[in-house]
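All remarks here apply to the structure that follows.
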Amino acid sequence: MIVAGPFRFTRNPLYLGSICMAIGMGVFGTPPTMLLLILTQTGFSWLLARHEALELRRRYGEAFDRYAKSVPWLLPRLRPAPARGEAHPSLSQGILAEIFSGSALIGIVVLCILQRPGVIVYAAILVAGWFAQQLVGRRLRPVANA
């Protein structure tokens with residue numbers, strides 16, 4: 001199990017960022033809209049993090065339990081946890097892993113420009129981004145020896 005970068009401060013830095021974005025987007029709406037965005041994103045993030053934690057616990061056992069005890073699920077620690085493992089980050093793999101996020105960003109820009117008709121285009125871009133992410137994800141997964 002590798003513990004490096006922002007994962008030394010919080011187990012879910014991307015979910016923390018998503019919740020912060022929901023707060024930022026909510027500022028432009030009414031108070032009920034802001035509350036709905038924050039609660040929805042926080043709830044969704046919590047469910048995903050919980051699912052991922054179960055998988056990590058199954059896969060890494062005691063090593064994950066030690067990590068989970070020392071690093072909070074969302075709000076970051078003030079000092080980083082000790083690094084473990086060896087990571088070799090790849091910019092190309094990082095970009096390929098974020099195709100869906102990129103499509104969401106493009107969709108938001110289109111939505112802001114087109115407004116009402118942009119909702120359909122936004123949805124189409126998200127669906128296309130999701131499919132593209134699935135295709136790329138299949139190619140990046142290591143093949144198990146049969």
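Scope of the values below: all heavy atoms of this structure, side chains included, with no hydrogens, waters or symmetry mates.
- Under the 4.5 Å side-chain heavy-atom criterion for ILVMFWY residues, a single connected hydrophobic cluster contains both V27 and L16.
- A donor-acceptor pair under 3.5 Å is formed between the side chain of T10 and the backbone N or O of L74.
- Transitive grouping of hydrophobic side chains (ILVMFWY, heavy atoms separated by less than 4.5 Å) brings I113 and V121 into a common cluster.
- Taking both residues in full, the closest heavy atoms of S103 and G129 are given as OG-CA, 3.4 Å, listed atom of the first, atom of the second, then distance.
- For the atom pair CG (L105) and CZ (F100), the distance works out to 12.0 Å, reported to the nearest 0.5 Å.
- Contact detail for V3 and R8: the closest heavy-atom pair is CG1-CG, 3.8 Å.
- Between V127 and F131, the closest side-chain pair of non-hydrogen atoms falls below 4.5 Å.
- Heavy atoms from other residues, nucleotides or ligands lying under 6.0 Å from CD of E62 number 12 at most.
- Distance check: L35 CG to I23 CD1 gives 11.0 Å after rounding to the nearest 0.5 Å.
- Shown are R57, E52, R58; of these, the side chain to side chain contact (heavy atoms under 4.5 Å, CB included) with E55 is made only by R58.
- L126 and F44 fall into different hydrophobic clusters, defined by Ile, Leu, Val, Met, Phe, Trp and Tyr side-chain heavy atoms under 4.5 Å apart, directly or through other members.
- In this structure, I99 and A132 approach most closely via the heavy-atom pair CG2-CB, 3.8 Å.
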Are F64 and R59 close enough, and set up right, to give a side-chain contact (heavy atoms from CB on, under 4.5 Å), and what steps lead you there?
-> CA-CA 8 Å; F64 175 75; R59 189 177 206 180; over 6 Å; no
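- Nearest heavy-atom pair, V110 versus I125, reported as atom, atom and distance to 0.1 Å: CG2-CD1, 4.0 Å.
- Remark: the backbone N or O of A22 is not paired with any side-chain donor or acceptor of Q41 at under 3.5 angstrom.
- Looking only at side-chain heavy atoms (C-beta outward), I38 and M34 come within less than 4.5 Å of each other.
- Under the 3.5 Å distance criterion, the side-chain polar atoms of N12 are matched with a main-chain donor or acceptor of W73.
- The minimum heavy-atom distance between R84 and S70, with the atom names listed, is NH2-OG, 4.4 Å.
- Contact record, Y67 with F7: OH-O, 2.7 Å, taken as the closest heavy-atom pair.
- Clustering ILVMFWY residues whenever any of their side-chain heavy atoms sit less than 4.5 angstrom apart, transitively, puts Y15 in a cluster other than the one holding L75.
- Within 6.0 Å of CD1 on I120 lie no more than 12 heavy atoms contributed by other residues, nucleotides or ligands.
- Hydrophobic clustering, with ILVMFWY side chains joined whenever heavy atoms are under 4.5 angstrom apart, groups L48 together with W46.
- At least one donor-acceptor pair under 3.5 Å links the side chain of R11 to the backbone N or O of V71.
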